[in-house]
Amino acid sequence: MTESRDASRTRSKLILFSKFGLTVLVLVFVGRRSWVLIANRNFSDISVCPGWLAASGLLYAFAWFPSVWFWRDMMRSMGEEPELLLCSKAYYAGHLGKYIPGKAGVLLIRSAYMKEAGHRFGVAILTAAYETLIVMGVGLIVAGSLASLLIPEMMLAESWKWIVHWRWLPAAVLLTLAITAIPVITWILSIVARKFAKSENSESQLSSRQLSRGYLVFAITWAIMGLSLGAALQSLSDDWLSLADWPLWTAAISSSTVIGFFAIFTPGGLGVREGIMMEVLRIQPNISADDAALVAWLLRVVWLLTELAAFAFFWCVFRWRHSQLNRKNLVT
């Protein structure tokens, strides 16, 4: 028994060391690539508009409100009645957990706050797993639907120009498949979510109706996140960007974020997301290569600061509200 425990600990350490090593390699590779893209830029010419960065952060914070609502709605469908304010605090705290090695930190933090408030830990972690999987699944659908927009027309050979006229075909196909396969997808997600949350509660199965609502609300989430990227790009540009590029921004942010999520060896997709994003953006005719590299890392900082600020805000509001309620109870 002791030998098996020692072997298990050794294996865990090796896995952790391997993940750390891979993360370092990715950061070195992407960091060097970023430097190559901005090496010719005169750093004294770089100007960042704080107002647009603030707008990017606010859009990012707002983009996750549909997720908070969906998570709370799922918990209510399983017999819990958590406060919206509590869900918001727990949700944004969980965002910080993605920087803990492994993907379970997000679920554990959110569920721990729910348990502390008297809600069932198993329900909280299972519904958090559902929310995470569905939002990333919708992100994958959005990325696949808009992927053709990431290839500029000028890069297509003459014999491939017909693709321009069929850019929306992948979206039609993927949406049709996603809608018609709802019963199968709910069954698969129910199995994966229970394993992800280490739950054996077979009664807590995702319904087709809940998945359909998830499609709608998370499509809004990814669209707003695309605007967040657009605002960050605007902060680096002296010229006004066009909202016609909104689908392009959404495609870039969804593809890089989802790929970063599935790169389980790096916390928060660190390095992977930035590498995908800057390679996607640098080939666009209206975005310079140095701006693509700068915005990829700038967005990481803005989003992290936004997550910290959002958690601090909801923590303070939640604590103030409970102090007011306690004072009121003492008076009465």
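In this chain, residues are counted from 1 in sequence order. Quick caveat: nothing in here was measured; it's all calculated off a predicted structure.
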- Message: With side-chain hydrogen bond (donor to acceptor under 3.5 Å, both in side chains) as the criterion, how do W64 and T221 come out once you've worked through the C-alpha distance, each side chain's angles and the decisive distance to 0.1 Å?
- Response: CA-CA 6 Å; W64 291 114; T221 289; over 6 Å; no
- Item | Worked check of side chain to side chain contact (heavy atoms under 4.5 Å, CB included) between V135 and F261 | CA-CA 11 Å; V135 75; F261 173 80; over 6 Å; no
- Task: Go through E80 and R72 one step at a time and tell me if the salt bridge (charged side-chain N to carboxylate O under 4.0 Å, His left out) criterion holds.
- Result: CA-CA 9 Å; E80 299 294 322; R72 180 173 180 260; over 6 Å; no
- Message: One pair to check against side chain to side chain contact (heavy atoms under 4.5 Å, CB included): L236 and L298. What are the steps and the verdict?
- Response: CA-CA 10 Å; L236 295 171; L298 192 61; 4.3 Å; yes
- Task: List the steps and the verdict of side-chain hydrogen bond (donor to acceptor under 3.5 Å, both in side chains) for S228 and W303.
- Result: CA-CA 9 Å; S228 177; W303 284 9; 3.0 Å; yes
- List the steps, then state whether side-chain hydrogen bond (donor to acceptor under 3.5 Å, both in side chains) holds for S288 with D290. CA-CA 6 Å; S288 64; D290 48 349; 2.5 Å; yes
- Starting from the C-alpha separation in whole Å, work towards a yes-or-no answer on side chain to side chain contact (heavy atoms under 4.5 Å, CB included) for R282 and L37. CA-CA 9 Å; R282 76 174 183 83; L37 293 179; 4.0 Å; yes
- Message: I'd like to know whether D238 forms a side chain to side chain contact (heavy atoms under 4.5 Å, CB included) with S47, so could you lay out the CA-CA distance, the side-chain angles of the two residues, the decisive distance to 0.1 Å, and finally the verdict.
- Response: CA-CA 9 Å; D238 294 328; S47 61; 4.3 Å; yes
- Task: Go through the steps to decide whether E279 and R33 satisfy the test salt bridge (charged side-chain N to carboxylate O under 4.0 Å, His left out), and finish with yes or no.
- Result: CA-CA 10 Å; E279 291 300 328; R33 178 60 175 160; 2.7 Å; yes
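For the pair L108/F121, a side-chain contact is recorded, criterion being any heavy-atom separation below 4.5 Å from C-beta on. Proximity of Y99 to L304: side-chain heavy atoms (C-beta onward) are separated by under 4.5 Å at one or more points. Within the 4.5 Å cutoff, side-chain heavy atoms of L146 are placed close to those of T250. When side chains are defined from C-beta on, F29 does not count as touching L25, because their heavy atoms never get closer than 4.5 Å. With contacts defined as side-chain heavy-atom distances shorter than 4.5 Å, the pair F313/K89 does not qualify. Taking 4.5 Å as the limit, some side-chain heavy atom of R321 sits within range of a side-chain heavy atom of E83. Residues E131 and Y91 have side chains in contact (heavy-atom distance under 4.5 Å, counting atoms from C-beta outward). Under the 4.5 Å side-chain criterion, counting only non-hydrogen atoms from C-beta, L84 is in contact with V68.
Under a hydrophobic-cluster definition in which Ile, Leu, Val, Met, Phe, Trp and Tyr are linked whenever side-chain heavy atoms come within less than 4.5 Å, directly or via other members, W52 and V301 are assigned to different clusters. Hydrophobic clustering, with ILVMFWY side chains joined whenever heavy atoms are under 4.5 angstrom apart, groups I134 together with W187. Taking hydrophobic clusters as Ile, Leu, Val, Met, Phe, Trp and Tyr residues chained together by side-chain heavy-atom distances below 4.5 Å, W320 does not share a cluster with F318. Criterion: ILVMFWY side-chain heavy atoms under 4.5 Å apart, direct or through other members. Under it, V184 and I141 are part of a common hydrophobic cluster. By the criterion of side-chain heavy atoms lying less than 4.5 angstrom apart, applied directly or through intervening Ile, Leu, Val, Met, Phe, Trp or Tyr residues, I185 is grouped together with L140 in one hydrophobic cluster.
A donor-acceptor contact shorter than 3.5 Å links the side chain of S254 to the backbone of A251. When atom types are taken as modelled, the side chain of T23 and the backbone of F265 share a donor-acceptor pair closer than 3.5 angstrom. No donor-acceptor pair under 3.5 Å is formed between the side chain of T266 and the backbone N or O of A263. Looking at R273, its side chain never comes within 3.5 Å of a backbone N or O of A296 through a donor-acceptor pair. In this structure, S237 contributes its side chain and Q234 its backbone to no donor-acceptor pair below 3.5 Å. For S256 (side chain) and M277 (main-chain N/O), no donor-acceptor pair under 3.5 Å exists by modelled atom type.
Residues A252 and L150 share a closest heavy-atom pair of N-CD2, 4.0 Å. V26 and G271 get closest at one heavy-atom pair: CG1-C, 3.7 Å. Counting all heavy atoms, side chain and backbone alike, I253 lies closest to W222 at O-CZ3, 4.1 Å. The shortest non-hydrogen separation linking L248 to L149 is CD1-O, 3.7 Å. The nearest pair of heavy atoms linking A90 to M114 is CB-CE, 4.2 Å. In this structure, S56 and L299 approach most closely via the heavy-atom pair OG-CD1, 3.6 Å.
How far OG1 of T186 is from CG of L211: 6.5 Å, rounded to the nearest 0.5 Å. Rounded to the nearest 0.5 angstrom, L229 CG and L233 CG are separated by 4.5 Å. We find the CE-CD1 distance between M278 and I38 to be 9.5 Å, quoted to the nearest 0.5 Å. The structure places CD of Q210 at 4.0 Å from CE of M74, a figure rounded to the nearest 0.5 Å. The distance from the CE atom of M136 to the CG atom of L133 is 9.5 Å, given to the nearest 0.5 Å. The structure places OH of Y215 at 15.5 Å from CD1 of I220, a figure rounded to the nearest 0.5 Å.
Screening residues 294-307 for salt bridge (Lys or Arg N to Asp or Glu O under 4.0 Å) gives K98-E307, E274-R300 as the qualifying pairs, with residues at least two apart or on separate chains.
Within 6.0 Å of CH2 on W246 lie no more than 12 heavy atoms contributed by other residues, nucleotides or ligands. No more than 12 heavy-atom neighbours from other residues, nucleotides or ligands sit within 6.0 angstrom of CD on E116.
Note on ring orientation: taking the six-membered ring where Trp is involved, the planes of F218 and F70 are perpendicular (angle over 60°, cut-offs 30° and 60°). H95 and Y60 have tilted rings, their planes meeting at an angle from 30° to 60° on a 0 to 90° scale.
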